[in-house]
Amino acid sequence: MPRITNTDQVLILLKAQLKQMERTGKSTPIAKVNAVRKSPMERLTALLAEDDTLRAEDARQLLVQNLLAEALGEEFVRDPSFQSVVTTVTHIIENNTDTKSLVDRALQGLAKPPGA
């Protein structure tokens, strides 16, 4: 039987929370206004394509923050609890070589302009 690590538990809980929010259709007025603007991931992709001096650690943290902001709503980004979750998830990713490698490859893919 495979061993479930702390990382697996965090990822399972995060996925469950996101699925539950999708099912309940939680949407805020701010989320509706933000639909007109670029999404957090679109802004991150543009930043990665333009700024090749961004440290890998910072890029990982921005990826986690923007994925969560896109899923949960940007209104939470300034909340200290949200930032604590971002920091915790980023540390979990960085302490697992397989996950870190996977995230780094994803960031490389985001940094490439479409069709490159």
Side-chain angles (χ1 to χ4, degrees):
M1 177 180 250
R3 184 172 165 252
I4 297 178
T5 65
N6 289 342
T7 303
D8 295 327
Q9 290 175 339
V10 168
L11 292 174
I12 290 168
L13 288 172
L14 186 57
K15 285 180 183 177
Q17 286 283 21
L18 292 174
K19 283 184 181 182
Q20 181 179 358
M21 289 185 70
E22 286 175 6
R23 279 193 300 259
T24 59
K26 285 189 177 179
S27 180
T28 63
I30 292 174
K32 292 174 185 170
V33 170
N34 286 340
V36 177
R37 298 188 306 198
K38 285 189 175 184
S39 75
M41 287 306 296
E42 289 172 328
R43 291 192 303 265
L44 176 62
T45 301
L47 174 68
L48 291 172
E50 294 172 10
D51 187 359
D52 58 352
T53 63
L54 193 62
R55 292 182 0 193
E57 297 83 11
D58 295 336
R60 281 185 219 105
Q61 185 151 0
L62 283 171
L63 177 65
V64 170
Q65 176 177 309
N66 284 290
L67 283 170
L68 290 173
E70 196 157 293
L72 303 174
E74 289 184 73
E75 63 270 21
F76 296 110
V77 172
R78 290 188 183 92
D79 186 321
S81 298
F82 179 88
Q83 289 303 319
S84 177
V85 169
V86 169
T87 300
T88 301
V89 171
T90 303
H91 282 128
I92 291 169
I93 289 169
E94 290 177 347
N95 289 327
N96 181 306
T97 54
D98 292 335
T99 307
K100 183 178 175 182
S101 174
L102 182 66
V103 169
D104 287 345
R105 285 196 312 262
L107 285 166
Q108 289 172 354
L110 287 173
K112 293 179 184 175

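Both backbone and side-chain heavy atoms feed into the values below; hydrogens, waters and symmetry mates do not.
With rounding to the nearest 0.5 Å, the separation of CZ in R60 from NE2 in H91 is 11.0 Å. We find the CD-CG distance between E42 and N66 to be 11.0 Å, quoted to the nearest 0.5 Å. To the nearest 0.5 Å, the span separating CG on L107 from CG on L102 amounts to 10.0 Å.
For the pair Q83 and V77, the minimum side-chain heavy-atom distance is below 4.5 Å.
Annotation for A59 and L48: closest pair CB-CD2, 4.2 Å, computed over non-hydrogen atoms. Across all non-hydrogen atoms, the minimal contact from F76 to F82 is O-CB, 3.0 Å.
Side-chain contact of E70 with S39: a donor-acceptor pair under 3.5 Å is present, judged by distance alone.
Of the candidates D98, D104, T97, K100 forms a side-chain contact (heavy atoms from CB on, under 4.5 Å) with just one, namely D104.
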Under the side chain to side chain contact (heavy atoms under 4.5 Å, CB included) criterion, do L110 and M41 qualify, and how do the steps go?
CA-CA 9 Å; L110 287 173; M41 287 306 296; 3.9 Å; yes
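There is a path of hydrophobic side-chain contacts, each under 4.5 Å, that joins L54 to L67.
Side chain of T90 to backbone of V86: a donor-acceptor contact under 3.5 angstrom is found.
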